[in-house]
Amino acid sequence: MTSTPSLSVSVVIPTFNRRARLERLLRALEDEHAAGPRFDVVVVVDGATDGTEAMLAALRPRYPLYVL
């Protein structure tokens, strides 16, 4: 009997003024989430001034996303 255990992982991403790169990464994680193990993502925004928080507020990923 073979069983695949559920893998539960939290991906923590600290960021500061890297909105475009962060958005690409978060969108790429959509494919990973659909293809395999389940995970959640925690983005820690350290006082960004480049619209990062607005981008995160508008994003609707299929995985759980937490913004601090």
* Dump the intermediate steps for side-chain contact (heavy atoms from CB on, under 4.5 Å) on Val43 and Leu65, then the final yes or no. => CA-CA 8 Å; Val43 177; Leu65 174 65; 3.8 Å; yes
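Nearest approach of Phe16 to Gly47, heavy atoms of both residues: CE1-O, 3.5 Å.
Counting only heavy atoms from C-beta outward, the side chains of Tyr63 and Leu26 approach each other to under 4.5 Å. The closest side-chain heavy-atom distance from Thr52 to Arg18 is not below 4.5 Å. Residues Ile13 and Val42 form no side-chain contact, since every pair of their non-hydrogen atoms from C-beta on lies 4.5 Å or further apart.
Phe39 contributes atom CZ, which lies 10.5 Å from atom OG of Ser10 (distance to the nearest 0.5 angstrom). Taking CG from Leu56 and CG from Leu68, the interatomic distance works out to 10.5 Å, rounded to the nearest 0.5 Å. Taken from CG in Leu25 to CD in Glu23, the straight-line distance is 11.0 Å, to the nearest 0.5 Å.
Checking each of Val67, Val45, Asp46 against Thr15 for a side-chain contact (heavy atoms from CB on, under 4.5 Å) leaves exactly one that passes, namely Val45.
Linking Ile, Leu, Val, Met, Phe, Trp and Tyr whenever their side-chain heavy atoms come within less than 4.5 Å puts Val9 and Val41 in one cluster.
At distances below 3.5 Å, not a single donor-acceptor pair connects side-chain atoms of Asp40 with backbone N or O atoms of Tyr66. Between the side chain of Asp50 and the backbone N or O of Arg19, at least one donor-acceptor pair lies under 3.5 Å. Between the side chain of Glu30 and the main chain of Arg62, a donor-acceptor pair closer than 3.5 Å is present.
Glu53 CD: 12 or fewer foreign heavy atoms inside a 6.0 Å radius.
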